[in-house]
Amino acid sequence: MSPKKERIIFLDYLRVFAIISVLLCHSTQAIYVFETDYVKSISAQSKYMLLTLFTCGRMFGVPIFLMITGYLLLGKEYNDERIVRFWKNSWLHLVICTMIWFLIYDIFLLVRHEQDMPLTDIVKDVLFLHKVNFDHVWYMPMIIGYYLLIPFVSNAIRSVKNPGIILFPVILIFYMSSIISFVDLCFQISGKNPLEQKISLGFSGGIYGIYIILGYLLKREWSLRRWQKTALLLTAALAVAISVLVTNKVINANIAVELWYDSPFIVIGSIALFILATQINFPSKINGAVVWLSKYSFAVYLIHMMVKNVSVGYITRLGIKKPMQVVVLEIVMLIGGYVLAFLISKIPKIGKYILYLK
């Protein structure tokens with residue numbers, strides 16, 4: 001019998017926080033109308049509530065998941081045998097799992113909305129040749145692409161003894177993919193011509209690769225003083241506040257740009273939270289529950305959009321204010337996602353496999 005993998009408890013807490021954040025982002029998008037005219041028409045209080053909820057969901061969701069991936073998978077030595085094993089157990093498993101869920105999504109949409117969907121479109125969806133009509137599905141093909149090359153990136157990073165050498169290209173790519181994008185956005189807000197970034201990022205992995213490599217770079221023993229922890233908390237809060245103000249400026253300027261993961265403030269805020277999590281003494285009494293919730297977090301990601309699709313109409317008719325609707329939908333998606341994930345995991349032989357439980 002193979003030994004049980006030792007849990008890194010702060011990563012389990014981060015996973016749970018990250019899935020809550022992802023669902024917060026999606027519940028906010030479901031309740032509020034993300035159109036310029038609508039956002040301009042609502043009160044300042046409602047607008048800033050909307051933007052704050054959405055920003056927190058975006059900042060502390062996917063970036064944290066990607067940094068956890070880098071923390072766990074990079075820095076290991078992969079010989080030929082381990083590369084093949086990783087491709088078989090992790091990459092191929094994820095590919096098959098995603099294909100199954102894309103088929104489930106299409107069947108759900110056919111039954112639930114009676115959509116006219118030709119068989120050829122379903123085949124294209126399953127074979128990653130067409131986007132399934134759910135907003136969250138972009139993540140799975142993206143992470144599949146990165147998983148394919150994880151062993152080679154890990155071996156390359158492992159061969160570098162000085163972390164500062166890795167930091168140099170990371171900072172340069174962050175500048176080109178994130179800082180320049182923000183400056184370009186500022187130009188557009190002020191009515192100036194947009195910038196054109198001409199340098200090819202090539203093998204860099206772009207902004208998602210940056211998050212994964214940052215997870216590896218943050219894999220160290222942190223011993224921070226109280227004022228440093230406070231500074232990290234304030235940094236995360238300030239990143240949220242600036243993102244909200246910038247998004248408000250974008251809306252007022254009628255620019256069709258959504259707050260995305262290449263925002264420098266999303267990067268900085270998520271890093272601050274990740275480091276802060278390494279410093280927290282989490283209560284050991286609930287560690288078992290948190291580990292269970294953490295194991296099912298990706299399964300909830302796979303399921304939650306269907307729960308949202310079924311429940312959002314009922315929640316919007318409850319007659320409560322929109323921020324409360326966001327909270328209720330978040331809770332429904334969380335509870336529904338975990339309950340369904342648990343039930344699916346009990347299907348003999350295939351339950352845990354199709355949920356990608358590790």
Side-chain angles (χ1 to χ4, degrees), residues 14 17-18 21-22 24-25 28 34 48 50-71 138-139 142 146 163-164 166-218 228 230-253 255-278:
L14 275 176
F17 188 75
S21 298
V22 168
L24 176 63
C25 182
T28 305
F34 270 73
Y48 284 112
L50 154 65
L51 296 180
T52 301
L53 291 172
F54 177 73
T55 299
C56 289
R58 184 128 290 178
M59 186 175 295
F60 305 126
V62 167
I64 297 298
F65 276 126
L66 291 175
M67 282 190 274
I68 291 172
T69 296
Y71 190 103
W138 67 271
Y139 181 84
M142 179 273 290
Y146 284 94
I166 302 171
L167 199 57
F168 168 69
V170 168
I171 292 173
L172 190 60
I173 295 161
F174 171 69
Y175 165 74
M176 290 187 293
S177 62
S178 189
I179 299 296
I180 289 181
S181 294
F182 175 68
V183 173
D184 177 54
L185 182 60
C186 292
F187 274 31
Q188 292 183 60
I189 291 172
S190 60
K192 297 179 182 178
N193 293 328
L195 299 173
E196 294 184 27
Q197 204 282 102
K198 295 296 186 182
I199 297 178
S200 172
L201 297 181
F203 293 104
S204 71
I207 195 63
Y208 306 123
I210 290 295
Y211 284 116
I212 293 173
I213 292 174
L214 281 171
Y216 166 76
L217 292 175
L218 297 176
Q228 293 172 314
T230 303
L232 285 170
L233 184 61
L234 291 174
T235 298
L238 187 60
V240 171
I242 294 174
S243 296
V244 167
L245 293 174
V246 170
T247 305
N248 185 48
K249 286 280 189 184
V250 169
I251 290 168
N252 290 335
I255 298 172
V257 175
E258 184 182 350
L259 179 67
W260 198 247
Y261 304 107
D262 59 352
S263 165
F265 307 109
I266 296 289
V267 178
I268 292 167
S270 57
I271 290 173
L273 178 76
F274 195 98
I275 298 174
L276 190 60
T278 68

Open item on the list: Working to the nearest 0.5 angstrom, can you tell me the gap between Asp184 CG and Lys192 NZ?
Closed with: 12.0 Å
Task: Contact summary for Thr28 and Leu50, nearest pair of heavy atoms - done: CG2-CD1, 3.6 Å
TODO: Write down the atom of Met67, the atom of Leu218, and the distance for their closest heavy-atom approach.
DONE: SD-CD1, 3.9 Å
- [ ] Looking only at non-hydrogen atoms, find the nearest pair between Pro63 and Ile266 and report the distance.
- [x] CG-CG2, 3.9 Å
Task: Spacing of Thr55 atom OG1 and Ile242 atom CD1 [to the nearest 0.5 Å] - done: 11.5 Å
TODO: For the residue pair Ile213 and Ile173, establish whether any side-chain heavy-atom pair is separated by less than 4.5 Å.
DONE: no
TODO: Please confirm whether the backbone N or O of Phe187 pairs with a side-chain atom of Ser190, one donor and one acceptor, at under 3.5 Å?
DONE: yes
Open item on the list: Testing the basics here: between Ala236 and Gly269, what is the closest heavy-atom pair and its distance to 0.1 Å?
Closed with: CB-O, 4.0 Å
Open item on the list: Measuring only between side-chain heavy atoms, which start at C-beta, is Tyr139 closer than 4.5 Å to Val22?
Closed with: no
Task: Where Leu259 and Thr247 come nearest, the two heavy atoms and their spacing - done: CB-OG1, 4.1 Å
TODO: Taking the side chain as every heavy atom from C-beta outward, state whether Phe60 and Leu24 have any pair of such atoms under 4.5 Å apart.
DONE: no
Open item on the list: Quick one: does any side-chain atom of Ser178 pair with a main-chain N or O of Tyr175 as donor and acceptor, under 3.5 Å?
Closed with: no
Task: Nearest-0.5 Å distance, CE of residue Met176 to OG of residue Ser204 - done: 7.0 Å
Open item on the list: What's the separation between atom CG in Leu276 and atom CD1 in Ile271, rounded to the nearest 0.5 Å?
Closed with: 13.5 Å
TODO: Look up atom CG in Leu167 and atom CG in Leu214, then write down how far apart they are to the nearest 0.5 Å.
DONE: 8.5 Å
Open item on the list: Nearest 0.5 angstrom please: Leu66 CG to Ile210 CD1, how far?
Closed with: 11.5 Å
- [ ] Any chance you could lay out the side chain to side chain contact (heavy atoms under 4.5 Å, CB included) test for Ser177 and Asp262, step after step, and finish with the verdict?
- [x] CA-CA 7 Å; Ser177 62; Asp262 59 352; 5.7 Å; no
Open item on the list: For Tyr208 and Tyr146, take the angle between the two ring planes, folded into 0 to 90°, and tell me which bin it lands in: parallel under 30, tilted 30 to 60, perpendicular over 60.
Closed with: perpendicular
TODO: Write down the atom of Ile64, the atom of Ser270, and the distance for their closest heavy-atom approach.
DONE: CD1-O, 3.7 Å
Open item on the list: Over 60° means perpendicular and under 30° means parallel, so tell me whether Tyr261 and Tyr211 are parallel, tilted or perpendicular.
Closed with: perpendicular
Task: Phe265 and Phe182 aromatic ring geometry - parallel, tilted or perpendicular at 30°/60° bounds - done: perpendicular
